[in-house]
> 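Take this structure, written in structure tokens, and hold onto it; I'll ask about it next.
In each ligand, atom 1 is the first atom listed, and ligand 1 is the first ligand listed.
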Amino acid sequence: MAAVVTPVLTAGIGEADLRDIAVYRGRGGYKQWERAVRDLKPADIQAACDASGLRGRGGAGFPTGKKWSFLPNNDKPRYLVCNCDEAEPGTFKDHMLLEETPHLVLEGILLGAYAIGSHHAFIYIRGEFKAGYAIFMAALAEARKAGFVGKDLFGTGYDLEVTVHRGAGAYICGEETGLLNSLEGKRGEPRLKPPFPAVEGLYGAPTVVNNVETLAYLVPILEKGAAWFASVGTEKSKGYKIVSISGHVNKPGNYEVALGTTVNELIQIAGGMREGRKLVAVQPGGGSSACIFEEHFDCPYDYEHIAKAGSMLGSGAFLAFDETTDFVAAAHNMVRFFAHESCGQCTPCREGGHWLEIVLRRFVEGRGLMSDLDMMRRVSSTITGLNLCALGDSIEPFLKSVLNRFPAQFEARVLKETTHV
Ligand SMILES: Cc1cc2nc3c(=O)[nH]c(=O)nc-3n(C[C@H](O)[C@H](O)[C@H](O)COP(=O)(O)O)c2cc1C
Ligand code: SF4
């Protein structure tokens, strides 16, 4: 596959003022929304979503249509919540969509809500996204004025309200149940599952939480057809993905590509390595993911191949590291982030993260102990898999991967004249 960028959600960004509803409509915007409400049943959108192979772009890659199918049939209201918390280290695609093409984000939310039979959708916007919040609020006001949000839409009797909620800058509020608690005005602490949000979510009612990018893809899927989306990608990873490429590349940025584009091709797309240096590691799925190395740089960037290579695609945050990287400092930085963002409910996450941060800080300062090296390698069994949410499992993959690959960098930071072990 050639190293190509294919603007789908990103089409028009940088060329036209997509924040202006007239411009967005001039490019076909809100046509799918009107068609859906007038001519399609929710089941039609669900079927299109299933046939497209769309999987959640928020991190776990769960099939979107399947997630919707878990909603029970009862007399409770149903809610759709768009997750725009986007705090995963290295991810910067959702707030770009929010700021650059807010009507597309809104149209995706409207379609998602209609597909699950909801009359009330929410968008949870990370507190720091002040510009994105203001831009989205303006877009929502325009859409309401145009008759796309509110009561009796297109004269069909269908009502749909959209509520915008701002977070306060906690990474854990991106986790769907932490987000729902925060939305309800409680502490943003993840809930014990089951029950899953589909059964008991916002205000105890059936709820779907979907990522911004996931929902936005509903618009082109309806416009161009599920078969169009499914024709691109690999066997189980269909369609396109916005990859946030950063690190030691010449042109960091958001690049929309077909899933299955290789790791090496993504580096080319981002202008190659800075100063012609050598790529030695890639963190393919944000701060939570393990690094992959040279033997996997020809690997297709999709959910299955990246998992087989020992990591995960996550939300599509792709960090490239060259041979000048201080992996001890990088590991400390990553662990410090997770330790700081732990909500503290689970002992392994709360204590393990904090303790690992202290040990790694010693290495950064050249005061590491030789015995810490093996102990850090073993520590995953006391943290990973033993927590309420996936934040706890995010603490050690990056550390473990670089510790095993570049042990000399850590050994060089061991205190030389140590008298104790
Ligand atoms: C600690 C943590 C933080 C998360 N942050 C986000 C986030 O900022 N945005 C997001 O869409 N999903 C985030 N997720 C994943 C969500 O819990 C959820 O799976 C996702 O919003 C579902 O959307 P999708 O099915 O469209 O991928 C996070 C998960 C964890 C464990
Ligand atoms: S794993 Fe960490 S962040 Fe998640 S609920 Fe437990 S303590 Fe909180």
Side-chain angles (χ1 to χ4, degrees), residues 49 54-70 80-95 97-98 105 108-109 112 115-116 122-129 167 169-183 187-193 196-198 201 207-218 239 241-242 244 285-289 303 312-317 335 337-354 356 383-397:
C49 191
L54 178 65
R55 292 167 65 170
R57 302 301 197 229
F62 196 81
T64 305
K66 195 167 185 189
K67 188 183 223 181
W68 294 351
S69 74
F70 295 147
L80 179 100
V81 180
C82 175
N83 189 344
C84 187
D85 196 56
E86 196 179 51
E88 182 70 24
T91 313
F92 45 88
K93 63 188 177 68
D94 294 339
H95 76 274
L97 294 174
L98 192 75
V105 173
I109 293 171
I116 64 161
F122 295 78
I123 177 168
Y124 187 99
I125 300 179
R126 180 172 153 191
E128 288 93 331
F129 297 165
Y171 171 62
I172 197 56
C173 289
E175 193 281 338
E176 57 185 6
T177 59
L179 184 155
L180 294 176
N181 271 345
S182 169
L183 204 45
R187 284 174 73 110
E189 292 175 334
R191 299 174 181 173
L192 183 65
K193 290 172 261 184
F196 289 93
T207 302
V208 166
V209 181
N210 274 139
N211 174 257
V212 170
E213 185 187 354
T214 313
L215 291 169
Y217 272 122
L218 295 175
K241 171 93 195 76
I242 303 176
S244 304
S288 307
S289 62
Y303 295 101
M312 64 173 189
L313 189 135
S315 53
V335 168
F337 171 79
F338 290 115
H340 181 259
E341 296 296 332
S342 167
C343 80
Q345 286 190 97
C346 319
T347 308
C349 171
R350 183 187 66 239
E351 301 299 321
H354 176 63
L356 266 181
I383 302 180
T384 304
L386 299 171
N387 303 285
L388 268 178
C389 89
L391 189 149
D393 300 352
S394 305
I395 298 171
E396 62 79 48

> Side-chain contact, heavy-atom cut-off 4.5 Å: E86 with L98?
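E86 vs L98: side chains apart.
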> Distance under 4.0 Å to a non-hydrogen atom of K67: what atoms of ligand 1 satisfy this?
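The list of qualifying atoms is 22 (C), 23 (O), 24 (P), 25 (O).
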> Would the distance check show the side chain of E88 and the main-chain N or O of S288 forming a donor-acceptor pair, the cut-off being under 3.5 Å?
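Yes, E88 side chain to S288 backbone: donor-acceptor pair under 3.5 Å.
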> What part of D85, side chain from CB on, backbone N/CA/C/O, both or neither, has a heavy atom under 4.0 Å from ligand 1?
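Within the 4.0 Å criterion, D85 contacts ligand 1 through backbone and side-chain atoms alike.
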> Heavy-atom contacts with G56 under 4.0 Å: which atoms of ligand 1 show up? List them by number with element.
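The list of qualifying atoms is 24 (P), 25 (O), 26 (O), 27 (O).
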> Suppose we measure from atom 18 (C) of ligand 1 to each protein heavy atom; which comes out shortest, and what is that distance?
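Result for atom 18 (C) of ligand 1: E176 OE1, 3.8 Å.
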> Considering only non-hydrogen protein atoms, determine which one is nearest to atom 10 (C) of ligand 1 and report residue, atom name and distance to 0.1 Å.
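The answer is N83 ND2, 3.1 Å.
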> Which N, O or S atoms belonging to the protein are less than 2.8 Å from atom 6 (Fe) of ligand 2?
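Listed by chain and number, the atoms are C346 SG.
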> Just which atoms of ligand 1 are under 4.0 Å from any heavy atom in Y171?
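So the answer, numbered in order with elements, is 1 (C), 3 (C).
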> Numbering the atoms of ligand 2 from 1, which are under 4.0 Å from a heavy atom of I172?
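In order of number, 3 (S).
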> Out of A87, S315, G174, G286, who is nearest to atom 28 (C) of ligand 1 when you count heavy atoms only?
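Answer by nearest heavy atom: G174.
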> Given R55, E175, R126, identify the one with the heavy atom nearest to atom 2 (C) of ligand 1.
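It is E175 whose heavy atom sits nearest to atom 2 (C) of ligand 1.
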> Give a yes or no on whether K193 atom NZ has more than 12 heavy-atom contacts from other residues, nucleotides or ligands under 6.0 Å away.
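Count over threshold, so yes.
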> Which atoms of ligand 1 sit under 4.0 Å from any heavy atom of N210?
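Result: 23 (O), 24 (P), 25 (O), 26 (O).
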> If you count the atoms of ligand 1 from 1 in the order shown, which ones are under 4.0 Å from a heavy atom of R57?
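Counting atoms of ligand 1 from 1, those under 4.0 Å from R57 are 26 (O), 27 (O).
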> Got a donor-acceptor contact below 3.5 angstrom from the R191 side chain to the E189 backbone?
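It does not hold such a pair.
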> Checking D393 side chain against T384 main chain: does a donor-acceptor pair fall under 3.5 Å?
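Side chain of D393 to backbone of T384: no pair is present.
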> Show the nearest heavy-atom pair for residues N181 and R187, with the distance to one decimal.
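That closest heavy-atom pairing would be CB-O, 3.3 Å.
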> Can a side-chain donor-acceptor contact be found between S315 and T91 if the only test is distance below 3.5 angstrom?
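Checked: T91/S315 side chains pair up, N/O donor to acceptor below 3.5 Å.
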> Find out whether L388 and T177 are in side-chain contact, i.e. whether some heavy atom of one side chain is under 4.5 Å from a heavy atom of the other.
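They are not in side-chain contact.
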> For ligand 1, which atoms have a heavy atom of N211 less than 4.0 angstrom away?
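Atoms satisfying the 4.0 Å criterion: 10 (C), 11 (O), 23 (O), 24 (P), 26 (O).
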> Give the minimum heavy-atom separation between W68 and A115, together with the two atoms involved.
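For W68 and A115, the tightest heavy-atom pair comes out as CZ3-CB, 3.5 Å.
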> Would you mind running through ligand 1 and noting each atom that sits below 4.0 Å from a heavy atom of V209?
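Counting atoms of ligand 1 from 1, those under 4.0 Å from V209 are 21 (O), 22 (C), 23 (O).
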> Quick check: closest heavy atoms across I395 and G353, and the distance to 0.1 Å?
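That closest heavy-atom pairing would be CD1-CA, 4.0 Å.
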> So N83 and T214, do their side chains get closer than 4.5 Å, heavy atoms only?
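In short, these two side chains do not touch, never coming nearer than 4.5 Å.
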> Assess F62 for proximity to ligand 1: is some non-hydrogen atom of it under 4.0 Å away?
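Judged by the 4.0 Å heavy-atom criterion, F62 does not count as contacting ligand 1.
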> Within ligand 1, which atoms have a heavy atom of T214 less than 4.0 Å away?
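Counting atoms of ligand 1 from 1, those under 4.0 Å from T214 are 24 (P), 26 (O).
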> Any side-chain heavy-atom pair from N211 and K93 closer than 4.5 angstrom?
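Yes; the side chains approach each other to less than 4.5 Å.
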> Looking only at protein heavy atoms, which one is nearest to atom 8 (O) of ligand 1, and how far off is it?
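Protein heavy atom at minimum distance: E86 N, 2.8 Å.
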> Starting from atom 27 (O) of ligand 1, locate the nearest protein heavy atom and write down its residue, its atom name and how far away it is, to 0.1 Å.
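Among all protein heavy atoms, the one nearest atom 27 (O) of ligand 1 is G58 N, 2.8 Å.
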> Do any N or O atoms from the side chain of S289 and from the backbone of G286 form a donor-acceptor pair under 3.5 angstrom?
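Judged by distance alone, yes, a pair lies under 3.5 Å.
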> Within the 4.5 Å heavy-atom criterion, are D94 and R126 side-chain neighbours or not?
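Side-chain contact under 4.5 Å: no.
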